[in-house]
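Take a look at the structure set out below.
Positions are given from 1 along the sequence. Nothing here was measured: the structure is a model prediction, and the numbers come from that model.
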Amino acid sequence: MACKNSLVVKQIIDLYDQISKLECLKPSKNVDTLFGQLVSTCLPTDTNIDVTKMSDEVKDMRSNLIKLCGEAEGYLEQHFSTILGSLPEDQNPLDHLNIFPYYSNYLKLGKLEYDLLSQHSSHVPSKIAFVGSGPMPLTSIVLAKFHLPNTTFHNFDIDSHANTLASSLVSRDQDLSKRMIFHTTDVLNATEGLDQYDVVFLAALVGMDKEAKVKAIEHLEKHMAPGAILMLRSAHALRAFLYPIVDSSDLKGFQLLTIYHPTDDVVNSVVIARKLGGSTTTGVNGTRGCMFMPCNCSKVHAIMNNRCKKMMIEEFSAIE
């Protein structure tokens, strides 16, 4: 196993060397090929690799690689959001989301996150905040279209151009144009209003290193309402070469509920926590909401796929 792990890490280092030499990370045949190979190399979950215990050299490489992945992902979303927003006026861009290469992954991730949320929330959230929504706010769109038809989504991004593109995507949709709101701000400057959300999502690429990620989480903990749910994206095993890891120790002031590590082509792990100090049976404004009633087909993936998922979901009691 050690030999296999070393071989995989060497492959990742080789790909990093090629990616780091690219003049531009915008979508192109070469860029798409290299990042496709990188993702395929990092998908296997049958390894014992712990990136936090690797050499300083590999850790530095990983840190740089995550930043390159984030930059490339931003360009990719911008590229396809521009294409969709440029469709003829009589077409709804949301009817053509399947042209985005990873749309099916977002469908799976959105379903997974909805299922996990329904396990830990007693009411349907009326307002959700997504921090770091980007030019293609696919998580918000998928949840709004397929899982939470009566919920309002407030999308926060530091980039005004990203918000302009994202707003254009939903502007022609009669339903989502009324339920998707965009705010251009740094999350660290957002204070008033964060306590009005039942659920806050923190995107994987908000906080590209440990220090920045913890700073964002600490800010949310300070301003979220007691009892509100925080959902975060993390990474596990080889996938931690693509995205930052969120540890339980990063969640001070929260009750850690679940860490779920997918074993399919959904790359991100999902972390769910609850802001300490509140009731688990009422909304953030103290009013009792409608109970979640997931149908049999909406059970958490871990239950549906016990064969290989059983050890990939961790349940936690309250952490003071």
Compare all side-chain heavy atoms of [X] with those of [Y] and state whether any distance is below 4.5 angstrom.
X      : Y      : result
Leu109 : Glu113 : yes
Phe100 : Leu84  : no
Asn150 : Val124 : no
His96  : Ile83  : no
Met136 : Leu76  : no
Val9   : Met54  : yes
Glu221 : Leu230 : no

May I ask you to decide if [Y]'s main-chain N or O and [X]'s side chain share a donor-acceptor pair within less than 3.5 Å?
X      : Y      : answer
Ser20  : Tyr16  : yes
Thr41  : Gln37  : yes
Arg274 : His120 : yes
Lys178 : Thr152 : no
Lys108 : Val266 : no
Arg172 : Pro93  : no
Lys213 : Val206 : yes
Asp60  : Glu57  : no
Asn105 : Asp265 : yes
Thr164 : Ser160 : yes

Parallel, tilted or perpendicular: which fits the ring planes of [X] and [Y], with parallel below 30° and perpendicular above 60°?
X      : Y      : value
Tyr114 : His147 : parallel
His183 : His154 : parallel
His223 : His219 : tilted

[X] [atom1] to [Y] [atom2] distance, which is reported to the nearest 0.5 Å:
X      : Y      : atom1 : atom2 : result
Phe153 : Leu143 : CZ    : CG    : 5.0 Å
Leu112 : Tyr106 : CG    : OH    : 14.0 Å
Leu232 : Ser269 : CG    : OG    : 11.5 Å
Asn155 : Thr184 : CG    : OG1   : 10.5 Å
Asn268 : Thr139 : CG    : OG1   : 8.5 Å
Leu38  : Leu242 : CG    : CG    : 5.0 Å

Please check if [X] and [Y] belong to a single hydrophobic cluster, counting links between Ile, Leu, Val, Met, Phe, Trp and Tyr side chain heavy atoms closer than 4.5 Å.
X      : Y      : result
Leu165 : Tyr102 : no
Leu276 : Val214 : no
Leu176 : Ile181 : no
Met208 : Ile158 : no

* To do: I would like to know whether Phe254 and Ile217 meet side chain to side chain contact (heavy atoms under 4.5 Å, CB included); could you show each step before the answer?
  => CA-CA 10 Å; Phe254 289 93; Ile217 293 171; 4.1 Å; yes
Can you name the nearest heavy-atom pair linking [X] to [Y], along with the distance?
X      : Y      : answer
Asn163 : Phe182 : OD1-CD2, 3.8 Å
Gly70  : Leu205 : CA-CD1, 3.7 Å
Pro262 : Arg239 : O-NH1, 3.5 Å
Ser81  : Ala166 : OG-N, 4.3 Å
Ala273 : Leu251 : CB-CD1, 4.3 Å
Val51  : Ala240 : CG2-CB, 3.7 Å

* To do: Please report the C-alpha distance between Ile12 and Leu65 in whole Å, then the side-chain angles of each, then the deciding distance to 0.1 Å, and finally whether the side chain to side chain contact (heavy atoms under 4.5 Å, CB included) criterion is met.
  => CA-CA 9 Å; Ile12 293 172; Leu65 182 57; 3.9 Å; yes
* **Neighbour count >12 (heavy atoms, 6.0 Å) for atom NZ, Lys59** =>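 More than 12 heavy atoms, drawn from other residues, nucleotides or ligands, come within 6.0 Å of this atom.
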* side chain to side chain contact (heavy atoms under 4.5 Å, CB included) between Leu238 and Leu43, intermediate numbers included -> CA-CA 7 Å; Leu238 288 171; Leu43 275 182; over 6 Å; no
* Tell me, with the steps shown, if Ile13 and Lys10 meet side chain to side chain contact (heavy atoms under 4.5 Å, CB included). => CA-CA 5 Å; Ile13 292 173; Lys10 183 181 183 304; 5.6 Å; no
* Salt-bridged, Asp17 to Lys21, with N to O below 4.0 Å? ->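 No, no charged N to carboxylate O under 4.0 Å.
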* Can you find a side-chain donor-acceptor pair between Glu73 and Tyr243 that sits under 3.5 Å? ->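 Present: a donor and an acceptor within the cut-off.
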* To do: Taking atom types as modelled, find out whether Thr45 and His261 have a side-chain donor-acceptor pair closer than 3.5 angstrom.
  =>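 Absent: no donor and acceptor within the cut-off.
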